[in-house]
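In what follows, a structure is listed as structure tokens, so that the remarks can point back to it.
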Protein chains: 2
Amino acid sequence: MSGVPHKQVFAFQEGHAQMLHLLGGKGANLAEMVRLGLPVPPGFTVTTEACRDFYEQGGMTSEDLRAQISTALKQLEIEKGQHFGDSRNPLLVSVRSGSVTSMPGMMDTVLNLGLNDETVQGLANHTHNPRFAYDCYRRFIQMYGNVVLNIEAYHFERLLHELKQQEGTELDQSISVEGWKRLIASYKECILQKTKRVFPQDVNEQLFLAVEAVFRSWHNPRAQIYRRVHHIPDHQGTAVNIQSMVFGNMGDDSGTGVIFSRNPSNGENVLFGEYLVNAQGEDVVAGVRTPMPIATLASEMPAVYDHLFSVAKQLERHYKDMQDIEFTVENGKLYLLQTRNGKRNAQAALKIAVDLVSEGSISKEDSLRRIEVGHLDQLLHRGMDESKIKQVLATGLPASPGAATGQVVFDADTAVEWNRMGKPVILARQETTPEDIHGMIASEGVLTSRGGMTSHAAVVARGMGTPCICGCEGIQFTDQEKSMQIAGVVLKEGDWITLDGTTGRVIAGKVPLREAEMTPELTQMLAWADEIRTLQVYTNADNPKDAETARRFGAEGIGLCRTEHMFFAPERLPVVQQMILADNIDDRNRALKLLLPMQQADFEGIFRIMAGLPVTIRLLDPPLHEFLPNLEELLRQVSQLNDEDPETPAKKKELQVLIRKVRLLHETNPMLGQRGCRLGIVYPEIYDMQIEAVFRAADTCMEEGIDVRPELMVPLVGHAAELQLIRERIEDIAKRILGPEKSGLLAYKVGTMIEVPRAALTAKQIVEHADFFSFGTNDLTQMTFGYSRDDAEGKFLTRYIDQKLLPYNPFQVLDTDGVGQLIDLAVAGGRAVKPALKTGICGEHGGDKASILFCQRTGLNYVSCSPFRVPLARIAAAQARLEVGVAAERTPAAVL
Amino acid sequence: MSGVPHKQVFAFQEGHAQMLHLLGGKGANLAEMVRLGLPVPPGFTVTTEACRDFYEQGGMTSEDLRAQISTALKQLEIEKGQHFGDSRNPLLVSVRSGSVTSMPGMMDTVLNLGLNDETVQGLANHTHNPRFAYDCYRRFIQMYGNVVLNIEAYHFERLLHELKQQEGTELDQSISVEGWKRLIASYKECILQKTKRVFPQDVNEQLFLAVEAVFRSWHNPRAQIYRRVHHIPDHQGTAVNIQSMVFGNMGDDSGTGVIFSRNPSNGENVLFGEYLVNAQGEDVVAGVRTPMPIATLASEMPAVYDHLFSVAKQLERHYKDMQDIEFTVENGKLYLLQTRNGKRNAQAALKIAVDLVSEGSISKEDSLRRIEVGHLDQLLHRGMDESKIKQVLATGLPASPGAATGQVVFDADTAVEWNRMGKPVILARQETTPEDIHGMIASEGVLTSRGGMTSHAAVVARGMGTPCICGCEGIQFTDQEKSMQIAGVVLKEGDWITLDGTTGRVIAGKVPLREAEMTPELTQMLAWADEIRTLQVYTNADNPKDAETARRFGAEGIGLCRTEHMFFAPERLPVVQQMILADNIDDRNRALKLLLPMQQADFEGIFRIMAGLPVTIRLLDPPLHEFLPNLEELLRQVSQLNDEDPETPAKKKELQVLIRKVRLLHETNPMLGQRGCRLGIVYPEIYDMQIEAVFRAADTCMEEGIDVRPELMVPLVGHAAELQLIRERIEDIAKRILGPEKSGLLAYKVGTMIEVPRAALTAKQIVEHADFFSFGTNDLTQMTFGYSRDDAEGKFLTRYIDQKLLPYNPFQVLDTDGVGQLIDLAVAGGRAVKPALKTGICGEHGGDKASILFCQRTGLNYVSCSPFRVPLARIAAAQARLEVGVAAERTPAAVL
């Protein structure tokens, strides 16, 4: 703070909507409404800067601030023709918080401030309504006692309850003046007991302490948590609005309410909301009385309703968005106490955004900007009929959104079997492994008791669009009996259960579901997005079914087809294991020969569906031991063999061969071990089989007249020589399979994942052998941070985010400072040599809004995400284009 | 090749020593000797370019080259006054290879070329020595048959052997003319049978085919292997030298030999070498007759000896280095056939380099440049008396150099126990783990049957300077019987065994050792190095003993003190485990309280030894599970409990607690898991104890008047916020322990390891909280490449290096393209904010010559390496300074 005092208090008529950061949302909008000539009770705002000073000065308000408040108050007195603390016609004010970003209900408010034993009589006399005046006074003491003096609310509620019992009534309105006076006396007594101080009669003391209390409420625990969840910076601070009171509790021609200018649940263009007759704002919040729908106001006070309606429309036109408006009616006159852009659900948001465009209120660009991509998720998955939920058993991590209902099973094989019989199943496991894949495919939903948002179950389920709840720690499995226990309830195999993957709720029994739908509004919005965006949207799909879903959702290619998922199919896994267990190349080749036609069929299926679009096929990536059983499990099996069984020696030998191989393939850090192209170099025959399958499939499809565009992607390249070697093999095999003529006709590409930091750093060398770069941001994030996802999320990462050491989970939101810098280096390096190099990202980040924005900035050509995120990515890509702006774009040509 | 013919043949008088790349080493030096007026038989050289052309043309010599050779031959005929193919006085030539980099014995040579059935008679007549002439002819056919016609040498040797039997003699000299003639006939018959062609009588055909054969020998298997081992590029090619013959086999006044101008075994300034009377060069190589020491020549042919001596001195002065000279004496006249810088062992190299400086022949800079740092290694470790070796049992990887002899034991506890009893022990294990450390410390040497050059055993042993052989696969352990079997020999506990860690040999029995010594020459060379180098040399030392060794070797500080090694001491491990197993913070603090004085004592010991020098202490780094027993082992223990033992239930419970914790701490990729500062953030109490111990120790030592310079190093930082948090804690604890006054007096530093790629990328942010950066190149290499050392070296990495996908093992030689780029980025980022930022590297690369060169180029302040590599690093640092040059240096000031 410099020596010259800042202006830290602004009368409403001095402000406007653009002063949001200084005046907070409420203050700025009150000022704006005053500018628009709308009926707003006069008042002034203490700025967020004053709040920040308050904290800098160790929780003290400065003399200067007090002087500025007093001056503003004088001005208010003149405007209102009333005096603060006047024993005849006292000025009363509300003191309300108002942060820059809306934090509804998180901070404190004091109403009816300015009342004391004297002024309450003045109010009673002046209004000729002593019951009203003493009602206000007891309300004031109650709120003040709670908010400013920190006395728990229940003390006052108990006293009020006792009074009502004495008076023999349930309703506030039935309490007599004498009753309120008695209550006021016991409230004061309570305050004296709790704080050892008399309730302050000095109205200025009341005011300054209330302002400080609002400042302090910025740091109350619920506000802190809210800010953390919503990424609101702690240093922002809150403004304080001091506004002359209007009274909704003046009688039956008074009231208070909240309206939305459109329906926030479905977006319909009708006034929506509710109000309470003869009440102050906190009565609505407290829920003591049930408010009436706003439509009733039309019949009860039609003039007020019409006024409200026209004000709502005026504000909506002015702000170009649906408004959420607080109002009070005092003796038949409408006053506006707040307006802001209203919260809405995804469907409403879409409809409103589209409608505002057709109404000519906003452009389609603005309409797109307003879509919260994250919220769209719920639209694209099945939901459930909330009213039919009987019991929520537990809540886990919402790992893959959507609702699912089915009969619970505890192993993958049963899931498959029951699914074949037509039963919908939910697979519940401690955690899933690649060997459970067939069971996951057969299930409606997946539930695990261990693992985080990026555990195997979570990643696979999201990829498949299967609802999934992970890390639901309340579950205990009893393997032998095929049952599990949650919250004291025992569920046996076959019991019905419902999962809400969007919220993480595990629900008892069968709950009716409703299907996801591509609404006309969503279709319209996507069409606009496609007009605007320059980033292409590909999908990650490993099978024809996913490819079809993605294409329906508008995917423009496959950015990542993981061939290993094809290896896990139950009828193939034994052949894959045979291939791995082979002690010599001949045995391995025999197994590979069996796999070849299977892989070829996979690729043919995908090529047919993706006709005319690129299909990026990643050669085998995971370490081979992932295809073999777990060592501990094998050791257990050996120890449990019955020595008397004549088959034991043979079984034992078989198991020991497996154990030996599992040990041999064991790696201390498999993430950094023999996987990706390292496999393809050490066991060239495996990659050769895959490459051959790609070109055989391409050949077959070309014969069928299909436009095939395979792009072979080599994973985990860290040195140009690796890619060079494998590229040569690809080219040789292409020539061998297709012959010289056809291999000229098939415009296939060869590229690499950039997922090892060294690959990004040496992009200039690597690009010599690459037609495209696909950033594998999952692995690149792991290696750039040195975080193993499997280990970090359960252990230190959560702690890091809690302690704000990291702003967010880098596996969900791309780390632009570190990982992004490597991507920038790689794109620059690659395009320095090949200006038209095709670049994109695949992995979880491909569907994340902030990460898509980064991709746009860096000038990538495409993002690739799971099928169900394709529509979201299309919108996010359009938003990114709008944010980055056309001028700032780095197109390949611009890089030249 | 352009249309204009290149000059590809140079007469000796046309060349000089600087034409090395065109003429090869032999050709360039022959030309140089001609320029010096020394007695060299005239001849000419076909260039390496001609060889490259030969390969480009698919193994054909061009017409043009043949013409150039013929022209040169004409000139030679004039010079010699002889004619090639002349039946009266024929010119004979030798045809010898000569590559740019010396590849002794790797390629082929043909002598006596130009002989046929006619010219042999001419030679006999002209020399009046038919025995000599026919000896030459049979030698020629033999070499030609072998080298040019590819007939295995043993065919000829068998025929020669048969002849000797017929003639009843063992000696070539005793064979009669008739005998040679019969042998020539059978040689020709043999060639006809094997090649179906008659031995060529056309001398020009002989010559051209011999030149081609020499070209082809560039690609023979042994030459290829030699080049791979010595990193000689394949495309270089060999020159061919065609030189008129002189004959050492003309009688007893003739001979041939090789001398060194100094003793290549110890560097003494005396003529050293040997010669054979009445012999040609290949007789020396073949080892049929035993040559005589060169000193004998002084008495037998004093004039020749004197001439040879003065020539040797002249050449040494001219080349400013010890020379390796081939000579022939023909009828009492000396001819020189080759000179080159002689190979020598480390001790000789040092002595010669130092002597040449004192003789005023070279500068100390040149002297330093000539030291092969890698060779010095042998000087700094114990060696053995090679003559006392009886049986080499097996050869493993030479993981840590030096010789060790002792009684073999198979577990760490026995090693410690026997060592206490004064027995020297060799610890033999399948592989070592951190729990074996105390046993390794107690052992003279370590032998493992598994693991590579960077396995636990290898890294720890190198750090301690303990000889170690790893991955000796021939060993089979029989745990129960405390014995092992190598090469059929069974060794029981207590049997004597000797290890040669420099070569990897495992030797039966006790072999006498000789101590390492700091020779006066090494001391002198190190003094020169210290004058020249700008890079400081620190050491990695975890205990006072290592610190003392390093200081004796000239370390200027400790660059890496790994506190975890202190935790593994056998009396501490149980306390450390207690700390880890603690279920609550109170229990953990109790254990930490026990550890605090131990850590404090460690630091005091180190501070006292390193008085006045910086001591960089790295806070705890490895994941906690490294301090707990192995899961599989625990499971085995549980399964082996005897149910009838009354103590079993208690033991079982204890084991199960351990198993639960081990499982809880288990990580899929521990390398990328909860370690380094992540530990210090999740369990702040552990780091706090360590920090407290550092400052308590500093306090005690300051009281003793010792100059203490602690530098606390935070490992595995990936985000500035991590370092900020821990730095604040360090500063708080320093103030608390030292009090305000003393904490001002102690100039401690806080810095970080840069070992996570993200740290290098965000150095600008991290440096805000760092006084120094220490590049942890081991981990940085792991994460930049995505290679887990534990997994890579045994699996794909060897394959990669074999296939030349990588030029070298990046864990041994710093990868400047990738990892180096990150270091450059980090140094630039750090110094942009703090121009005087202290930077260095620790880890294996700190002792590697090429990596030290990189550090000099990048402008680091220090390198840190294991104590035994400190002298090497001092020399390498001086060499790096000389190579980079003073002008090119990037000092901190220059960065400004």
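Quick note on labels: first sequence line is chain A, next is B, and so on, each numbered from 1. Please read these numbers as outputs of a predicted model, since none were measured by experiment.
- With a threshold of 4.5 angstrom between heavy atoms, B:L780 does not approach chain A through any atom at all.
- For the pair B:D791 and A:P670, the tightest heavy-atom approach, listed with the atom from each and the gap, is OD2-N, 4.4 Å.
- One side chain, B:T777 or B:H845, offers a donor N or O that lies under 3.5 Å from an acceptor on the other.
- Only the side chain of B:Q803 comes within less than 4.5 Å of a heavy atom in chain A; its backbone stays farther off.
- Heavy-atom pairs under 4.5 Å with chain A peak, among B:L825, B:L806, B:V756, at B:V756.
- Salt-bridge annotation for A:R675 and A:E667: absent, with no side-chain N of the basic residue lying under 4.0 Å from a carboxylate O of the acidic one.
- Neither the backbone nor the side chain of B:E755 has a heavy atom closer than 4.5 Å to any heavy atom of chain A.
- Only the side chain of B:L725 comes within contact range of chain A, judged by heavy atoms closer than 4.5 Å.
- Between chain A and the options B:L635, B:L805, B:D779, B:L631, heavy-atom pairs under 4.5 Å are most frequent for B:L805.
- Residue B:P807 touches chain A through its side chain alone, counting heavy-atom pairs closer than 4.5 Å.
- Among residues two or more places apart in sequence or in another chain, the ring pair (Phe, Tyr, Trp, His ring centres under 6.0 Å) test is passed with A:F785 by A:Y787.
- The greatest number of non-hydrogen atom pairs below 4.5 Å with chain A, out of B:G786, B:G718, B:A721, is found for B:G786.
- Shown here are the salt bridge (Lys or Arg N to Asp or Glu O under 4.0 Å) partners of B:D643, two or more places apart in sequence or in another chain: there are none.
- When each of B:G673, B:S788, B:S639 is checked for heavy-atom pairs under 4.5 Å with chain A, B:S788 comes out on top.
- Residue pairs meeting the salt bridge (Lys or Arg N to Asp or Glu O under 4.0 Å) criterion with at least one partner in residues 806-821 of chain A, sequence neighbours excluded, are A:D815-B:R758.
- For B:Q821, the part sitting under 4.5 Å from any heavy atom of chain A is the side chain, from C-beta outward, and nothing else.
- For B:L723, no part lies near chain A; criterion is any non-hydrogen pair under 4.5 Å.
- The pair B:D583-B:R588 does not meet the salt-bridge criterion, since no charged nitrogen lies less than 4.0 angstrom from a carboxylate oxygen.
- Open room surrounds NZ on A:K764; 12 or fewer heavy atoms of other groups in view lie less than 6.0 Å from it.
- Side-chain contact check for B:R636 and B:Q640: at least one donor-acceptor pair (N or O, by modelled atom type) lies under 3.5 Å.
- Chosen from B:L822, B:L716, B:V819, the residue pairing most often with chain A at heavy-atom distances under 4.5 Å is B:L822.
- For residues 678-688 of chain B, heavy-atom neighbours of chain A at less than 4.5 Å comprise B:R678, B:I681, B:V682, B:P684, sorted by residue number.
- The two residues A:F773 and A:A826 come nearest to each other via the heavy atoms CE1-O, 3.7 Å.
- The number of heavy-atom neighbours closer than 6.0 Å to CD of A:E431, taken from other residues, nucleotides and ligands shown, is above 12.
- Under a 3.5 Å cut-off, the side chain of B:E626 and the backbone N or O of B:P623 do not form any donor-acceptor pair.
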